[in-house]
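Data block below; observations after.
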Amino acid sequence: MFASDSRTNAGLDQISSFKKMRSFFNHGDRAIIILSSGNLSVTQNAINLLEQRSSNHEIRNIWNVTSMFDVATLLGECLREVRDRESVFLSQSNIDSSVNFIVGGQIKNEPMRLFLVYAEGNFIEVSEENPFFQIGETKYGKPIIDRVINPQTPINDAVKCILVSFDSTMRSNLSVGFPIDLVCYKNNSLDLTFQHITQDDDYFSQISRCWGEGLRNVFASLPNPNWLSNNPPPF
């Protein structure tokens with residue numbers, strides 16, 4: 001499952017939205033999703049370069065490589081080229097050029113795979129010990145994912161978990177906001193299911209309300225700290 005918000009800049013008088021998810025889909029052959037975070041110019045140029053090269057059938061591109069490892073490699077190469085090209089301008093202007101990508105999916109004749117691509121263009125693959133990747137604003141929404149997600153988590157629970165994670169983040173940080181793009185992929189289907197979630201989405205509102213009520217109920221049921229009542233004051 002892949003999910004991304006669409007807010008790239010937020011302030012008291014300015015909110016900008018751009019898609020942070022890009023899909024490359026050829027039914028029966030490959031289903032690839034790329035998520036991005038960080039400097040918008042760098043991420044967009046890297047993805048655009050990847051797409052541009054995909055039209056040249058004489059070179060390795062995202063449509064003819066035979067593994068997701070190769071896809072992550074191609075994306076890393078495009079990212080390094082863009083950063084090298086723009087590094088002087090970015091550094092002179094004191095612009096933060098840090099970016100990250102998540103790239104995953106499946107190519108025919110190999111298993112599903114998921115990679116985290118760093119700003120330098122190198123990458124790591126998901127593992128049993130670390131069954132998910134998260135980029136961008138992570139500190140508010142990560143605790144729920146850490147508590148719920150494991151390699152055996154059913155897809156329905158994963159969807160609920162990621163929506164709760166977004167809800168928690170959006171309540172604490174203006175830099176994350178609607179709409180949310182959500183993609184579910186079933187192993188060996190080589191097909192994608194998309195969902196576009198806005199602030200008026202009934203299911204998201206239900207998840208947010210139930211989670212908030214549940215948290216308040218659990219909090220109210222927690223035992224009181226007995227050391228506050230049992231220990232006399234030191235004076």
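Positions are given from 1, in the same order as the sequence printed here.
- At a threshold of 4.5 Å between side-chain heavy atoms, the hydrophobic network of Ile, Leu, Val, Met, Phe, Trp and Tyr places L116 and I34 in two separate groups.
- Two residues are said to be in side-chain contact when any heavy atoms from C-beta on lie closer than 4.5 Å; R7 and N173 fail this criterion.
- Here the side chains of V103 and V117 are in contact, with some heavy-atom distance below 4.5 Å.
- No side-chain heavy atom of N109 sits under 4.5 Å from any side-chain heavy atom of T66.
- Of the charged side-chain nitrogens involved, none lies within less than 4.0 Å of a carboxylate oxygen, so that R53 and E77 do not count as a salt-bridged pair.
- No chain of hydrophobic side-chain contacts below 4.5 Å, direct or via other Ile, Leu, Val, Met, Phe, Trp or Tyr residues, connects V183 to I62.
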task: Mind running side-chain contact (heavy atoms from CB on, under 4.5 Å) on F115 and I102 for me, showing each step along the way?
output: CA-CA 6 Å; F115 298 88; I102 293 175; over 6 Å; no
Without placing hydrogens or testing angles, list every side-chain donor-acceptor pair under 3.5 Å for residues 200-207, not counting sequence neighbours.
from, atom 1, to, atom 2, distance (Å)
D201, OD2, Y203, N, 3.1
D201, OD2, F204, N, 2.8
S205, OG, D201, O, 3.0

message: Determine whether F132 and M1 satisfy the following criterion, side-chain contact (heavy atoms from CB on, under 4.5 Å), listing intermediate values before the conclusion.
response: CA-CA 10 Å; F132 70 91; M1 194 194 73; over 6 Å; no
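- Nearest heavy-atom pair across D181 and M21 is O-CE, 3.4 Å.
- In terms of hydrophobic clustering, with Ile, Leu, Val, Met, Phe, Trp and Tyr side chains grouped at heavy-atom distances under 4.5 Å, L75 and V82 are assigned to a common cluster.
- The shortest side-chain heavy-atom distance between V159 and L163 falls under the 4.5 Å cut-off.
- The side-chain heavy atoms of F166 and V176, taken from C-beta on, include a pair separated by under 4.5 Å.
- Residue V126 is not grouped with residue I32 when hydrophobic side chains (ILVMFWY) are merged at heavy-atom distances under 4.5 angstrom, including chains of intermediate members.
- In this structure, the side chain of Y185 engages the main chain of L190 through a donor-acceptor pair within 3.5 Å.
- In this structure, V148 and C161 approach most closely via the heavy-atom pair CB-SG, 3.8 Å.
- Not a single donor-acceptor pair under 3.5 Å links the side chain of S168 to the backbone N or O of G141.
- Checking side-chain atoms of R22 against main-chain N and O of S36 turns up no donor-acceptor pair under 3.5 Å.
- Taking all atoms of both residues into account, the shortest heavy-atom contact from L192 to S23 is CD1-CB, 4.3 Å.
- Looking at heavy atoms from C-beta onward, I107 lies in side-chain contact with V71 at the 4.5 angstrom threshold.
- With hydrogens and angles ignored, the 3.5 Å screen pairs no side-chain donor or acceptor of R113 with any backbone N or O of S67.
- Between the N45 side chain and the S41 main chain, a donor and an acceptor come within less than 3.5 Å of each other.
- Between D5 and S175, the shortest heavy-atom distance links the atoms OD2-O, 3.9 Å.
- From Q134, atom CD reaches atom CD1 of I149 across 10.5 Å, with rounding to the nearest 0.5 Å.
- To the nearest 0.5 Å, the span separating CG on N150 from CD1 on I145 amounts to 13.0 Å.
- Here S4 contributes atom OG and F18 contributes atom CZ; the two are 14.0 Å apart, rounded to the nearest 0.5 Å.
- Between N26 and W63, the closest heavy-atom pair is CB-CZ3, 3.9 Å.
- In terms of hydrophobic clustering, with Ile, Leu, Val, Met, Phe, Trp and Tyr side chains grouped at heavy-atom distances under 4.5 Å, L49 and V65 are assigned to a common cluster.
- Atom-to-atom distance recorded for D167:CG and R209:CZ is 11.5 Å, nearest 0.5 angstrom.
- Between G136 and S37, the closest heavy-atom pair is N-OG, 3.5 Å.
- F133 has its side chain within reach of I124: a pair of non-hydrogen atoms, C-beta onward, lies under 4.5 Å apart.
- At a threshold of 4.5 Å between non-hydrogen side-chain atoms, the residues E137 and S172 do not count as touching.
- For F69 and F123, the ring centers sit closer than 6.0 Å to each other.
- Taking CD1 of I162 as the start and CG of D157 as the end, the distance is 13.0 Å to the nearest 0.5 Å.
- Judged by distance alone, with hydrogens and angles left aside, the side-chain atoms of Q106 form a donor-acceptor pair with the main-chain N or O of E110 at under 3.5 Å.
- In this structure, CE in M170 is found 3.5 Å from CZ in F178, a value given to the nearest 0.5 Å.
- Counting only distance, with no hydrogens or angles, the side chain of T43 and the backbone of N39 share a donor-acceptor pair below 3.5 Å.
- Side-chain N or O atoms of D191 include none that pairs as donor or acceptor with a backbone N or O of H27 at under 3.5 Å.
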